[in-house]
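What follows is one structure encoded as structure tokens, with my remarks underneath.
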There are 2 protein chains.
Amino acid sequence: MRPKHNTLTPQELEIMKLVWQRGAATVRDVYETLLERRKIAYTSVMTMMKILETKGYLKKRRQDRAFLYRPAHPQNQVIRGMIREFIDRVFNGSAEPLLVHLVKSRRLRERDLQKIVRMVEESE
Amino acid sequence: MRPKHNTLTPQELEIMKLVWQRGAATVRDVYETLLERRKIAYTSVMTMMKILETKGYLKKRRQDRAFLYRPAHPQNQVIRGMIREFIDRVFNGSAEPLLVHLVKSRRLRERDLQKIVRMVEESE
DNA sequence: TTATTAGTACTAATTAATTCGTATGTCAAG
DNA sequence: CTTGACATACGAATTAATTAGTACTAATAA
């Protein structure tokens with residue numbers, strides 16, 4: 001029996017990123033891209049995409065002989081869910097400590113922050 | 001055989017957080033705290049802490065009859081590693097998109113950002 | 001002294017995640 | 001028509017993560 005909780009595992013995320021990028025993809029599309037990165041069987045990719053469909057991350061429809069898969073939800077939305085889950089797990093739900101880490105570890109500089117804040121505000 | 005890559009799994013993180021909090025802990029300490037949250041066997045906790053030791057996250061020494069476990073690395077350092085891994089996996093290594101998400105999803109407000117930036121800068 | 005308690009060591013069972021093989025069907029080229 | 005390419009369905013093997021059982025030992029309470 002397949003598990004019940006619906007978080008994206010690392011391998012699943014890898015595939016989802018490809019499908020988001022293309023808008024839609026067949027098993028073969030994904031397979032060929034993954035194959036450039038590592039050894040993998042065609043049917044493994046098929047299984048993963050089937051699982052992603054049952055988990056509600058992908059929708060499929062027939063196109064010619066093969067299935068064409070599309071994302072069921074926009075990337076932003078899913079990624080935000082992953083961020084929320086990460087913050088819950090690591091920081092008990094509070095986002096500030098994450099930012100503190102980002103700044104302290106020099107992954108973000110002050111001017112990046114300013115820029116981003118301005119950007120977001122302008123887009124509203 | 002135990003796996004080779006040394007990232008903290010969710011359950012392992014849960015235990016590490018307890019040990020960091022206390023500075024040091026026996027299996028029993030951790031067991032009793034976890035038991036308040038869910039059903040778990042004493043030996044399960046023991047196994048996990050042993051794994052954490054072999055992975056290099058905990059050090060042990062005998063105290064009376066039992067082992068006393070201590071963190072092998074400071075919490076900040078390990079958490080930063082987890083953040084880095086998350087950013088690599090989800091955003092291909094770039095931190096800005098993460099911040100954009102945090103701000104857009106209202107998990108961080110502008111004044112929080114300012115405050116944190118000031119705080120970090122003053123502490124240097 | 002004896003029985004109980006509290007600990008570890010070692011092994012194993014279970015659940016989840018990942019990968020793959022085989023059977024089968026359909027289409028198109030020859 | 002037959003063969004090869006390519007697709008899915010289904011089942012299963014493998015690897016990783018999590019949980020637990022049993023045997024044994026040392027300390028201690030009765």
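Reminder, nothing fancy here: chain letters follow the sequence lines and each chain counts from 1. Only this structure's heavy atoms are used, side chains among them; waters, hydrogens and symmetry mates stay out.
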Inset, instruction - Look at A/K39 and C/dC20 and indicate whether a side-chain polar atom (N or O) is within less than 4.0 Å of OP1 or OP2. - result: yes
Inset, instruction - Consider the side chain of B/T47, meaning its heavy atoms from C-beta on, and name the nucleotide among C/dG7, D/dA20, D/dC10 that approaches it most closely. - result: D/dA20
Please list every donor-acceptor pair under 3.5 Å in which a side-chain atom of residues 63-86 of chain B meets a protein atom from a residue at least two apart or in another chain.
from  : atom 1 : to     : atom 2 : distance (Å)
B/H73 : NE2    : B/G56  : O      : 3.4
B/R80 : NE     : A/H101 : ND1    : 3.1
B/E85 : OE2    : B/R89  : NE     : 3.3

Inset, instruction - Nearest whole angstrom, please: distance from the P of D/dT25 to the CZ of B/R65. - result: 13 Å
Inset, instruction - Specify the separation, in whole Å, of atom CD of B/E12 and atom P of D/dA17. - result: 7 Å
Legend entry - Nucleotide nearest B/K50 when distance is taken to its side chain, options C/dA9, C/dG7, D/dT19: C/dA9
Inset, instruction - Identify whether any heavy atom of B/F67 sits under 4.0 Å from a base atom; if not, whether one sits that close to sugar-phosphate; answer base, sugar-phosphate or nothing. - result: sugar-phosphate
Inset, instruction - Look at the side-chain N and O atoms of B/R38 and state whether any lies under 4.0 Å from the OP1 or OP2 oxygen of D/dT19. - result: yes
Inset, instruction - Measure from CZ on B/R37 to C1' on D/dT19 and round the result to the nearest Å. - result: 17 Å
Inset, instruction - Round to the nearest Å and state the distance from A/M49 atom CE to C/dT18 atom C1'. - result: 16 Å
Legend entry - Whole angstrom value for the distance that separates C1' of C/dG7 from CG of B/D29: 13 Å
Inset, instruction - Kindly point out which of D/dA5, D/dT19, C/dA9 is positioned nearest to the side chain of B/M46? - result: C/dA9
Inset, instruction - Let me know the distance between CD1 of A/I40 and P of C/dT19, rounded to the nearest Å. - result: 5 Å
Inset, instruction - Say whether A/E96 and A/S94, considering side chains only, have a donor N or O and an acceptor N or O under 3.5 Å apart. - result: yes
Inset, instruction - Rounded to the nearest angstrom, tell me the gap between atom CD in A/Q11 and atom C1' in C/dC20. - result: 14 Å
Legend entry - OP1 or OP2 of C/dT8 under 4.0 Å from side-chain N/O of B/Y42: yes
Legend entry - Below 4.0 Å: OP1/OP2 of D/dA20 and any side-chain N or O of B/T43: no
Inset, instruction - Would you indicate what A/T9 reaches in the nucleic acid, counting non-hydrogen atoms under 4.0 angstrom: base, sugar-phosphate, or nothing? - result: sugar-phosphate
Legend entry - Out of D/dA20, D/dT18, D/dT8, whichever nucleotide has its closest atom nearest the side chain of A/A66: D/dT8
Inset, instruction - Check the distance between D/dA5's C1' and A/D64's CG and give it to me in whole angstrom. - result: 15 Å
